[in-house]
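Report on one structure; see the data block that follows.
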Amino acid sequence: MNDQTIKEFDAIIVGAGFAGIYQLLKLRRLGLSAVILEKADQIGGTWHWNRYPGARCDIPSLEYSYQFDEDLQQEWNWSEKYSAQPEILEYINHVADRFELRDGINFEEEVSKATFIESESKWYVETSKNKYETRFCIFATGCLSVPNKPNFNGLENFEGEILQTSTWPQEEQNFSGKKVAIIGTGSSAIQSIPLIAEQAEELYVFQRTPNYSIPSNNGPMDKEVEKQVKSRYPEFRKENYLNGFGIAAMSDEALISESDPEEVNANFEENWKNAGLGFFGGYADIPLDVDANAVAANFVRNKIKGIVKDPHTAALLSPDYHIGGKRLCVDTGYFETFNKENVHLINLKENPISEITSNSINSDEVYEIDTLILATGFDAMTGALTNIDISGRDNIKLKDQWKEGAKSYLGLGISNFPNLFTVTGPGSPSVLSNMMPSIEQHVNWITDCIDWMIKNEKKVIESSATAEEDWMVLVNEIADMTIFTDTKSWYNGSNIESKAKAFLPFIGVPVYTEKLEEVVSENYKGFIFDRVN
Ligand code: FAD
Ligand code: NAP
């Protein structure tokens with residue numbers, strides 16, 4: 001690798017989403033030279049790639065946003081309670097301009113390889129265009145950034161248009177007069193189906209597993225709420241770290257098991273109207289206790305029955321697993337859409353797709369279509385990392401080390417991979433939290449750690465194998481106390497056939513936050529500095 005053209009930086013950041021952008025700013029403020037390598041032609045990550053109709057956040061924008069700069073959070077005004085993808089993309093672009101970050105991003109450079117050379121304590125990173133050497137490698141590659149494209153029999157023969165929600169074209173799509181099929185009924189489908197149904201001549205929804213969804217009751221930003229939040233923004237943000245899922249607007253300590261059933265029902269009615277994702281946090285035992293969970297699940301099933309006029313369709317749309325076991329969805333008119341004459345639900349559990357031909361999907365019937373939309377999700381949490389050929393000490397490949405399931409200490413560091421950090425990596429609250437405060441928490445932690453290393457003249461940091469092992473035991477012990485582990489979901493890798501089945505998110509933001517602080521206060525307990533072999 002003794003190449004003249006190798007570019008040298010103190011740190012390389014992979015990914016220009018919310019995480020990468022903030023990481024660049026923090027490292028620059030520390031006085032380090034850093035560059036972001038991004039495979040897309042622009043910034044935004046999730047909010048660049050997922051441009052499907054209806055794409056928006058489902059955590060209120062007042063808290064699904066950066067908190068690191070008081071002027072930024074005071075001056076930026078969101079137009080809706082839950083902002084749509086174009087506005088979120090505008091926001092991240094504003095942040096990049098406001099903090100003059102664009103010149104630190106190399107676009108259309110997909111990282112294919114990263115190798116740690118022990119004798120130099122350096123990483124060598126390769127992209128499609130360039131080679132780099134660096135001391136620190138920070139993967140801000142996203143938890144939901146690698147699309148899952150199932151290998152449907154005959155997909156390659158389809159002659160109509162194929163779209164995927166997670167790589168949606170930048171040009172506006174018009175479905176008027178078209179017969180459209182959508183495969184998948186997760187959050188992306190649930191957001192897009194109502195809007196596609198308004199245009200398409202016929203819409204065929206191919207469902208394998210139904211999902212619970214709560215109405216967003218989205219609307220223009222309530223100026224009074226905005227004023228109140230902005231009057232105490234720093235305190236409001238602190239509440240993110242006190243709630244189990246990192247959502248300030250979702251805090252209730254009451255238990256269904258100790259409440260009067262009529263009162264529970266009345267609260268559910270209220271939460272159905274106003275809470276969105278917060279419905280799940282409406283009672284503290286919904287995530288923990290199967291009986292309490294069943295009460296909440298029944299309430300939603302009854303709502304579906306009340307909304308969807310055809311009883312057979314209503315039954316097919318009603319999930320039979322724990323509410324929250326798969327990521328809860330938030331919608332605008334999803335269940336109502338199935339009352340439209342041009343919308344048809346096909347149950348793949350009973351009639352799997354046998355073949356896709358040049359102009360049809362064949363299941364219980366032959367459905368002739370013009371457009372096929374894949375809303376089939378992601379190789380979540382680990383896909384973006386295992387896609388890259390990452391080699392650590394002794395030429396150990398990350399892919400191999402994670403064959404039986406990903407392991408990481410705190411979701412930040414991986415044993416045998418020195419000076420490599422992951423933002424919202426496996427073993428951290430990440431996807432089971434409001435990701436904006438979780439991203440900022442990780443970027444702040446990584447930056448402080450690098451600063452500490454410089455001040456304390458430490459060259460190399462890595463997780464000890466024991467700390468990592470113990471941490472993943474804790475992640476699983478906590479998960480086993482909840483309803484999350486006995487449902488097939490992308491939280492545990494069940495959506496990708498070839499993937500190891502392991503539950504990866506740490507449940508409980510406040511406990512996690514305490515652990516992070518404890519580790520730092522004990523001089524990065526569990527990490528090894530300047531390991532000697
Ligand atoms: P990303 O935004 O995923 O960015 C990662 C970047 O890394 C991408 O730009 C990608 O191109 C780049 N990259 C990956 N691999 C490579 C490589 N090898 N080389 C170069 N570049 C690479 N979370 C919430 O908390 N609330 C929400 O309401 C919410 N809504 C969501 C809606 C959708 C449709 C999706 C898909 C996710 C949503 N999420 C939500 C999760 C969302 O991913 C995070 O909130 C957040 O945007 C992640 O930011 P990030 O920077 O960590 O990762
Ligand atoms: P997803 O939740 O994983 O949903 C994928 C869907 O495709 C599921 O219904 C799945 O069925 C189906 N599917 C996958 N492979 C299939 C196959 N071979 N045959 C038939 N069906 C198949 O993916 P997503 O909807 O893109 O959402 C992923 C995550 O992104 C969400 O959970 C959320 O965290 C985030 N997100 C958030 C929002 C928001 O509201 N802000 C919007 C979109 C996404 P099975 O369930 O049977 O596997």
Side-chain angles (χ1 to χ4, degrees), residues 17 39-42 44-58 84-86 88-89 110 142 144-209 211 213 329 331-334 337-338 340 342-346 348 352-353 355-363 366-380 383-384 490 495-496:
K39 70 177 168 189
D41 62 359
Q42 56 182 281
T46 289
W47 303 104
H48 155 65
W49 292 108
N50 295 265
R51 294 169 187 254
Y52 59 82
R56 62 177 69 246
C57 57
D58 59 4
Q85 172 271 329
I88 304 176
L89 191 57
E110 177 161 9
L144 295 158
S145 55
V146 176
N148 169 37
K149 194 170 182 185
N151 196 10
F152 295 109
N153 180 28
L155 182 62
E156 67 286 1
N157 299 326
F158 186 65
E159 287 174 4
E161 189 177 28
I162 300 181
L163 298 170
Q164 185 144 14
T165 49
S166 48
T167 50
W168 199 263
Q170 299 197 24
E171 308 73 45
E172 202 170 320
Q173 304 297 304
N174 191 334
F175 300 106
S176 303
K178 290 190 177 158
K179 293 188 173 64
V180 179
I182 183 161
I183 304 180
T185 48
S187 296
S188 303
I190 280 177
Q191 286 189 325
S192 55
I193 282 169
L195 292 168
I196 297 167
E198 279 175 17
Q199 286 185 352
E201 185 183 308
E202 302 293 341
L203 177 62
Y204 302 104
V205 178
F206 289 85
Q207 172 187 275
R208 189 163 67 183
T209 317
N211 265 289
S213 187
C329 304
D331 70 280
T332 301
Y334 176 64
T337 301
F338 291 88
K340 288 181 170 237
N342 65 332
V343 179
H344 317 275
L345 183 66
I346 294 104
L348 292 182
I353 293 169
E355 192 185 2
I356 296 179
T357 71
S358 62
N359 67 348
S360 72
I361 300 191
N362 303 350
S363 158
V366 172
Y367 296 93
E368 286 191 4
I369 54 166
D370 305 300
T371 304
L372 170 58
I373 299 173
L374 300 174
T376 43
F378 299 88
D379 182 352
W490 58 256
N495 66 327
I496 307 281

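- Closest non-hydrogen pair, Cys329 versus Ser187, comes out as SG-OG, 3.5 Å.
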Checklist entry - Passes side-chain contact (heavy atoms from CB on, under 4.5 Å), Asn148 versus Asp379? Steps please. => result CA-CA 6 Å; Asn148 169 37; Asp379 182 352; 5.5 Å; no

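- In terms of heavy atoms, Ile196 sits closest to Pro53 at CG1-CG, 4.1 Å.
- Scored by the salt bridge (Lys or Arg N to Asp or Glu O under 4.0 Å) test, Arg56 finds Glu80 as partners (sequence neighbours excluded).
- Aromatic ring pairs are classed by plane angle as parallel below 30°, tilted from 30° to 60° and perpendicular above 60°; the pair Phe338 and Tyr334 is perpendicular.
- Of the inter-residue distances, the one linking Ile182 atom CD1 with Ile346 atom CD1 reads 11.5 Å to the nearest 0.5 angstrom.
- One distance of note links CG of Leu203 with CD1 of Ile373; it measures 7.0 Å at 0.5 Å rounding.
- Rounding to the nearest 0.5 Å gives a distance of 9.5 Å between CG of Asn157 and CD1 of Ile356.
- The side-chain heavy atoms of Tyr204 and Ile361, taken from C-beta on, include no pair separated by under 4.5 Å.
- Side chains of Thr167 and Lys149 form no contact here, defined as non-hydrogen atoms less than 4.5 Å apart.
- In this structure the side chain of Arg51 reaches within 4.5 angstrom of the side chain of Leu89, judged on heavy atoms.
- In terms of heavy atoms, Ile183 sits closest to Thr376 at O-CG2, 3.8 Å.
- In plain terms, the two heavy atoms of Arg208 and Leu348 that are nearest each other are CA-CB, 4.0 Å.
- Taking the six-membered ring wherever Trp is involved, the centroid distance between the rings of Phe152 and Phe158 does not fall below 6.0 Å.
- Side-chain contact check for Asn50 versus Gln85: every heavy-atom pair is 4.5 Å or farther apart.
- Inspection of the Asn211 and Ser213 side chains reveals no N or O donor paired with an N or O acceptor under 3.5 Å.
- Relative ring orientation between Trp168 and Tyr52 is described as perpendicular, the plane-to-plane angle rising above 60° on a 0-90° scale split at 30° and 60°.
- Taken to the nearest 0.5 Å, the OG1 atom of Thr332 stands 10.5 Å off from the CG atom of Asp58.
- By the 6.0 Å contact criterion, CD on Glu172 is open, its count of non-hydrogen atoms from other residues, nucleotides or ligands being 12 or less.
- When side chains are defined from C-beta on, Gln199 does not count as touching Lys178, because their heavy atoms never get closer than 4.5 Å.
- Every pair passing salt bridge (Lys or Arg N to Asp or Glu O under 4.0 Å) that includes a residue from residues 188-207 is listed here, sequence neighbours excluded: Lys179-Glu201.
- Thr357 approaches Ser360 most closely through the heavy-atom pair OG1-OG, 2.6 Å.
- The two atoms that bring Asp370 and Gly177 nearest to each other are OD2-O, 4.3 Å, heavy atoms only.
- Judged by distance alone, the side chain of Thr185 and the main-chain N or O of Thr209 form a donor-acceptor pair under 3.5 Å.
- At least one side-chain heavy atom of Leu372 sits less than 4.5 Å from a side-chain heavy atom of Leu155.
- Atom CD1 of Ile496 is separated from atom CZ of Phe378 by 10.5 Å, given to the nearest 0.5 angstrom.
- With rounding to the nearest 0.5 Å, the separation of CG in Asn362 from CG in Asn153 is 9.5 Å.
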